[in-house]
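A short worksheet on the structure shown next.
Convention: sequence-line order gives letters A, B, ...; per-chain numbering from 1. Since the model is a prediction, treat every value here as computed from it, not as a measurement. As a basis for the values below, the full set of heavy atoms in this structure was taken, side chains included, without hydrogen atoms, waters or symmetry mates.
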Amino acid sequence: MAENVRVRYAPSPTGDPHIGNMHSALFEWLFARRHGGKFIVRIEDTDQERVVPGAVESILDGLRWLNIDWDEGPLVGGPYGPYIQSERLDNYREMAERLIRQEDGYRCYCSRERLNEMRQEQERRDQPTGYDGRCRDLSPVQRQEMEAQGGPSVVRFAMPRSGTTRVQDLIHGEVEFSNELLDDFIILKADGFPTYHLASVVDDHLMKISHVLRADEWLPSTPRHLQLYRALGFTPPQFGHLPMLLGPDRDKLSKRHGATSVLEYRDQGYLPEAVLNFMALLGWSLDDRTEVMSAETLKENFSLERVSRSPAIFDQEKLLWMNGLYIRELTAEDLAERLTPFLERGLPKELLPVDRDYLLRIVPLIRERIKLLSEAAEMITYFFQEEVDYDPADLVQRGMDQESTVAALRLARDEMTAVKVFEHQLLEDTLRAAGTTLGLAARQFFGTLRVAVTGRTATPPLFETMEVVGRERVLSRLGTAVVRLTSSN
RNA sequence: GGCGCGUUCGUCUAGUGGCCCAGGACACCGCCCUCUCAAGGCGGAGAUCGGGGGUUCGAAUCCCCCACGCGCUACCA
């Protein structure tokens with residue numbers, strides 16, 4: 001299959017790029033790349049009512065963010081365009097007419113009301129639901145009469161009434177369907193637009209798609225598609241149905257479960273490479289232990305044989321862990337760059353803009369302390385403020401009192417005023433000695449200094465932090481701490 | 001209701017007849033490191049492989065039945 005592998009991602013522009021959808025796109029893309037084939041994006045906007053303005057852009061944004069590139073499709077074009085179904089209506093009409101001519105299709109004049117009643121009746125009697133085929137056997141005269149009335153009609157496909165349709169699925173193996181259980185589904189709607197079934201079959205053929213990879217929910221309609229290929233005289237592509245993504249309650253992943261748009265993950269501070277890596281592991285594995293791998297490795301090793309048949313639950317916890325892992329591997333420059341938009345959003349406006357060189361000194365201190373880019377702003381405000389705020393009582397560590405705390409702050413200030421270079425190693429040596437002089441444990445002395453300098457009880461290593469904050473502000477904050485302590489009672 | 005798919009630690013997974021009284025990862029717990037918080041290291045707990053029958057010297061792996069979950073059953077994709 002090395003020659004001419006052509007795989008398509010066919011989203012319908014009904015909203016944001018859903019993570020489950022992107023998961024399919026990822027597998028399709030990886031398959032195409034693995035086999036040196038083409039990855040095609042095709043917009044399936046055949047349901048006019050569900051089309052959401054801006055959705056196409058969002059979907060493409062999602063792909064671009066994840067670095068999933070497409071060879072043919074919107075924006076890039078290609079030899080089999082247009083890649084938007086609403087611009088290809090003639091193809092579907094032509095094929096529908098051809099099917100009618102061949103008597104593999106027919107016009108159906110049944111009203112929605114009749115269809116609803118029929119379905120309700122079937123449900124009430126616990127019968128299988130589906131179109132009863134009434135218009136299939138209309139005589140030519142009856143047909144003429146219906147046409148003369150000029151009412152709305154749709155085109156249905158005339159399914160074989162017996163026999164079986166076998167699907168050779170690349171992932172599930174052979175799956176058999178009994179034709180008599182499949183009804184005459186609609187292929188062309190009253191508004192002249194095709195349904196998914198017709199449009200995807202026609203386009204997959206016209207676009208020379210070699211492998212139809214899509215989510216598992218499509219497996220039940222594959223026999224219909226196979227019958228369309230047969231009736232149209234097209235050679236069907238190979239099919240592979242990918243595992244779906246579920247929420248923690250095992251229901252199809254939806255908004256109820258939290259973020260479902262890949263763009264939300266972007267905005268929450270996830271790294272695209274982490275999301276990509278994580279998604280690849282949902283329903284696919286390289287081996288029994290490799291989990292962290294680049295897109296490059298994925299593209300070289302992806303294979304359908306290792307795609308699992310069972311659905312996967314989207315585990316945010318593990319994604320978060322992996323995101324932290326990827327953040328820790330970033331260079332300071334890279335992380336600073338990626339952090340900037342989040343800081344511009346999360347830092348108090350008066351502290352902006354962020355000085356890049358200064359940020360570069362802070363980044364190594366927080367790199368292993370954030371799991372999301374969005375966590376940084378809150379964590380580093382004291383690097384930018386002049387003074388920090390806190391409850392003076394926090395200065396007094398366990399086993400200390402106000403007097404010893406003030407003494408500690410004063411000695412620290414004296415020592416740090418005297419120190420030649422305001423550098424962390426020197427600060428540490430000096431202050432450890434001071435701590436001994438004071439008879440304080442490291443956690444007591446440094447705990448006091450930490451609160452005085454940062455206003456926090458948990459921060460990056462104290463001495464590195466003070467070095468970056470700088471002598472002037474450190475000394476000033478120590479002075480402030482003494483004032484606060486002595487004036488608070 | 002019908003049809004289809006699926007079922008290994010809480011979760012993602014490895015496993016395709018003996019290497020498995022089931023391996024890795026996240027989460028969880030403990031210890032170490034340590035100025036706090038992380039990160040990291042080490043260790044622990046956690047799956048009678050959905051249940052029941054078979055086949056076989058031997059089954060998570062093959063067959064059958066059942067149960068459960070999910071999907072489809074639209075002039076939605």
Which base, if any, makes a Watson-Crick or G-U wobble pair with [N], both distances under 3.5 Å?
N: B/U48; result: none
N: B/U61; result: none
N: B/C70; result: B/G4
N: B/C35; result: none
N: B/C19; result: none

At under 4.0 Å between heavy atoms, what does [X] touch on the DNA or RNA strands: base, sugar-phosphate, or nothing?
X: A/Val154; result: base
X: A/Arg119; result: sugar-phosphate
X: A/Leu462; result: base
X: A/Arg250; result: sugar-phosphate

Nearest listed nucleotide, side chain of [X], among [options]:
X: A/Lys189; options: B/C3, B/A77, B/U36; answer: B/A77
X: A/Arg443; options: B/C75, B/C35, B/C76; answer: B/C35
X: A/Asp288; options: B/C76, B/A14, B/G71; answer: B/A14
X: A/Phe463; options: B/C35, B/G2, B/G6; answer: B/C35
X: A/Ile186; options: B/A77, B/C75, B/U13; answer: B/C75
X: A/Arg328; options: B/G40, B/C12, B/C5; answer: B/G40
X: A/Trp321; options: B/G71, B/C26, B/U11; answer: B/C26

NZ/NE/NH1/NH2 to OD/OE distance under 4.0 Å, A/Asp132 and A/Arg114: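 Result for this pair is yes, salt bridge flagged.
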Pairing of A/Arg413 and A/Glu415 as salt bridge, 4.0 angstrom limit: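 Salt bridge between A/Arg413 and A/Glu415, a charged N being under 4.0 Å from a carboxylate O: no.
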A/Leu188 side, atom CG; A/Glu97 side, atom CD - distance, nearest 0.5 Å: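 Result: 8.5 Å between the selected atoms.
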For [N], does the base pair up with any side-chain atom of [X] as donor and acceptor (N or O, under 3.5 Å, distance only)?
X: A/Arg369; N: B/C37; result: yes
X: A/Arg309; N: B/C5; result: no
X: A/Glu368; N: B/G40; result: no

Interatomic distance, A/Leu438 CG vs B/C35 P [rounded to whole Å]: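 Roughly 17 Å, once rounded to whole Å.
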Separation of atom CD in A/Glu123 from atom P in B/A74, rounded to whole Å: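 Going from CD in A/Glu123 over to P in B/A74 covers 8 Å.
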Donor on one side chain, acceptor on other, A/Asp287 and A/Thr290, under 3.5 Å: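 Looking only at side-chain atoms, A/Thr290 and A/Asp287 do form a donor-acceptor pair, the distance falling under 3.5 Å.
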Test item: side-chain donor near acceptor, A/His424 and A/Thr465, under 3.5 Å: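 Absent: no donor and acceptor within the cut-off.
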A/Tyr83 side chain near A/Met207 side chain, heavy-atom distance below 4.5 Å: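 Yes, close enough: below the 4.5 Å cut-off.
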5' priority, RNA chain B, between A/Thr457 and A/Ser310 [closest heavy atom]: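 The answer here is A/Ser310.
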5' priority, RNA chain B, between A/Gln127 and A/Gly447 [closest heavy atom]: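 Comparing both residues, the 5'-ward one is A/Gln127.
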